[in-house]
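Down below is the structure, laid out as structure tokens.
First listed ligand is number 1; within each ligand, the first listed atom is number 1. Just so we're clear, the structure is a prediction, and the values are computed from it rather than from any experiment.
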Amino acid sequence: MQIRRCSALLIEPRESVAFDLDSLLAGGNGLSANIELLALAPHLLSEVAISTVEADALSIIGATSWTPFDALAEKFDAALLHALLQKGLLISDDERHAENRERDEKLRAANWHPHSAVSHYFGRWKGVTSGESTDRAGYKSSAELAERLGASPPHVHARVPAEQRITLPETANTSMDELLAQRVTCRNFDTTRQLPLATFSRLLWRVFGAQAAVEMVKDHILIKRTSPSGGGLHPTEAYLLVQRVEGITPGLYHYHPIDHALEPLDAPDGDLHALANTFVAAQNYYADAHVQVVLVSRFERTFWKYRNHSKAYRVCLLDAGHLSQTLYISATEFGLGAFITAAMNEVDVEQALGLDPLLESPVAICGFGIRSSEFATIEFDPQQAIWSAEQSATVGIPAATTQNSNSQLSKESDS
Ligand SMILES: Cc1cc2nc3c(=O)[nH]c(=O)nc-3n(C[C@H](O)[C@H](O)[C@H](O)COP(=O)(O)O)c2cc1C
């Protein structure tokens with residue numbers, strides 16, 4: 001049997017602090033700290049506790065070339081090697097360890113930078129309800145937030161005294177400024193109305209559609225979207241959870257950007273609204289959206305060019321951010337509300353959509369739909385683009401301290 005180490009591995013000395021009566025009785029602070037070593041290897045999808053002896057062995061055994069088991073057993077205890085094989089941190093060419101080997105090879109073939117792979121995989125959630133974690137942290141309202149955390153870092157970072165600032169001229173608003181001023185993250189969707197099919201179709205086409213496709217060289221096609229993309233590779237796929245669109249059966253879909261078509265997917269059994277709620281970690285106001293758009297990054301597409309690159313994962317995240325803003329602005333133009341969240345249960349989403357997280361995984365969830373006329377959940381609208389000052393006050397938003405319009409010239413030219 002030939003052995004090597006798994007290809008991506010970080011070892012974390014994790015400290016946990018617990019109440020300790022003995023320490024208290026001995027006049028101490030009543031706390032005891034414990035450090036355990038955890039192996040974070042993304043091909044395993046969950047962290048593994050290891051001993052210091054195992055950590056020593058893992059820091060010596062290489063990941064690139066195979067070594068016969070017997071040769072390693074001269075240096076390390078055979079039982080230790082077997083334990084590490086069992087844990088999946090050592091890889092072998094033996095059939096018994098085929099599953100871990102295949103996953104490790106898949107991770108390596110996808111050209112992940114190891115730090116990014118660890119950061120992504122171990123940041124994923126399953127079955128988390130974000131509201132409960134906020135409750136546990138003890139800050140549901142802004143007042144509780146300030147009480148628990150103290151003052152926030154300043155809202156503006158001034159680098160020179162006011163008199164040294166070079167004030168820029170006021171300029172005229174254009175229709176783009178008017179549109180941007182209307183963009184307010186929506187947490188109040190109308191669950192009684194259907195979104196018109198034409199609006200849905202135009203929105204998807206504008207944000208996610210391939211406006212053109214170019215075969216740069218044989219078998220390397222780039223698509224053009226209305227948003228920029230690192231390397232022009234557009235790794236972000238749009239998966240849709242549709243609840244209320246005229247003529248579209250509620251369910252899960254993948255959007256095909258060249259055919260401008262929906263690809264129906266099998267939805268898990270059960271209530272679609274409940275699934276939408278699970279996706280967004282029980283932020284139920286987002287579960288009400290007519291359409292949720294799961295932005296799934298096909299990492300291997302970007303990593304094909306930027307191999308084992310420390311910036312490549314960041315590029316994928318930025319990609320999703322750009323698409324989200326185009327979605328927000330487009331929805332706003334059509335008089336709709338839109339949102340984005342990173343508080344999502346990636347593992348549940350992957351299972352529902354049939355994604356292998358070593359290759360493709362959600363990086364954000366957006367959504368859009370018809371706004372409700374009722375202001376039940378807080379929105380940040382200090383310019384009263386959607387809600388009146390009185391409505392904002394009812395959900396606890398104070399009046400704005402500053403209203404920058406910078407629209408002097410536009411006012412003059414209007415007159
Ligand atoms: C990356 C990102 C993640 C966000 N996540 C959440 C979220 O989990 N829940 C939520 O209610 N809003 C979320 N938001 C929306 C922000 O709360 C919102 O943008 C902010 O309050 C400012 O309001 P505005 O978008 O109306 O200007 C997120 C926004 C961004 C850009």
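- Ring to ring, F368 and H290 are not that close: their centroids are 6.0 angstrom or more apart.
- Under the 4.0 Å criterion applied to side-chain N and carboxylate O atoms, R301 and E360 are not assigned as salt-bridge partners.
- In the displayed structure, Q211 atom CD is contacted under 6.0 Å by more than 12 heavy atoms of other residues, nucleotides or ligands.
- The residues D319 and R314 are annotated as not salt-bridged, no charged nitrogen and carboxylate oxygen being separated by less than 4.0 angstrom.
- The existence of a salt bridge linking K87 and E54 is confirmed by a sub-4.0 Å separation between a basic side-chain nitrogen and an acidic carboxylate oxygen.
- Within 4.0 Å of ligand 1, protein heavy atoms belong to R183, V184, T185, R187, Q283, Y285, Y286, I340, T341, A342, A343, F380, listed by chain and number.
- Ring pair H43/Y121: centre-to-centre distance not below 6.0 Å.
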